[in-house]
Amino acid sequence: MFPIRQTVTLTGGSVTLHAWGAEVADAHLFDLLTFTSTFALVRENWEEIDRQDVQPEAWGTFWRLAHASLRGQELPRPVTWADRLTLLTAMWDLNDPPELESKLDALSRRASSRLAQLTQGHPTTPSTST
């Protein structure tokens, strides 16, 4: 059985994060994967990256996911880098059951393939609908 909520201790206090409902889980998981990949890339190249290199939308995605997990709770301030990693880890723990991993991998491969097609200028299959 997978947990449906998890209490995490942050610098300013504790909050309880909740697993996402089935109606939004796939979209949120894809956003979580995208944000985590971006965050890892930024961390790897920290010395070469300026603050302006990270688009505000990337952090917007993180905050949207965190608020979806908080279900109306407010985050205690301040929110440090360590707190952000704690929240990110908790979101993965709550929303990434093993049976979803193959589904998420398939979506990632599909998105990568489609992106490669678009960036290489390959036309899409023409529609047969009228």
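The first residue in the sequence is number 1, and the count goes up from there. Fair warning: this is a prediction, and the values are worked out from it, not measured in the lab. What you see below is based on every heavy atom in this structure, not just the backbone, and it leaves out hydrogens, waters and symmetry mates.
Here the OG1 atom belonging to Thr16 is positioned 11.0 Å from the CZ atom belonging to Arg71, to the nearest 0.5 angstrom. Summarising the geometry, atom CG belonging to Leu85 is positioned 8.5 Å from atom OG1 belonging to Thr80; distances are rounded to the nearest 0.5 Å. Rounding to the nearest 0.5 Å places CG of Asp93 at 10.0 Å from CG of Leu17. Interatomic distance, His18 NE2 to Gln73 CD, rounded to the nearest 0.5 Å: 5.5 Å. In this structure, the separation between NE2 on His28 and OG on Ser69 is 7.5 Å, given to the nearest 0.5 Å.
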Query raised in the report: Hey, mind stepping through Met91 and Leu65 against side chain to side chain contact (heavy atoms under 4.5 Å, CB included) and telling me if it holds?
Result: CA-CA 8 Å; Met91 285 187 277; Leu65 294 172; 3.8 Å; yes
Query raised in the report: Leu88 and Thr36: side chain to side chain contact (heavy atoms under 4.5 Å, CB included), yes or no, with the steps?
Result: CA-CA 8 Å; Leu88 194 59; Thr36 302; 3.8 Å; yes
Query raised in the report: Please walk me through it: do Arg5 and Thr7 pass side chain to side chain contact (heavy atoms under 4.5 Å, CB included)?
Result: CA-CA 7 Å; Arg5 65 183 158 271; Thr7 300; over 6 Å; no
Requested in this report: May I have the step-by-step check of side chain to side chain contact (heavy atoms under 4.5 Å, CB included) for Thr34 and Phe39, ending in yes or no?
Outcome: CA-CA 9 Å; Thr34 302; Phe39 192 70; over 6 Å; no
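Ser14 places no side-chain N or O within 3.5 Å of a backbone atom of Leu10 that could act as its donor or acceptor partner.
No side-chain donor from either of Asp31 and Thr61 sits under 3.5 Å from a side-chain acceptor of the other.
Nearest heavy atoms, Trp20 versus Leu29: CZ3-N, 4.0 Å. When every heavy atom of Ala90 is checked against every heavy atom of Val8, the shortest pair comes out as CB-CG1, 3.7 Å.
Using a 4.5 Å cut-off on side-chain heavy atoms (C-beta onward), Thr86 and Thr9 make no contact. At a threshold of 4.5 Å between non-hydrogen side-chain atoms, the residues Leu94 and Ile4 do not count as touching.
A centroid separation of 6.0 Å or more is found between the aromatic rings of Trp63 and Phe35.
Ring geometry for Phe62 against Trp59 counts as perpendicular: the plane angle is over 60°, on a 0 to 90° scale with 30° as the lower cut.
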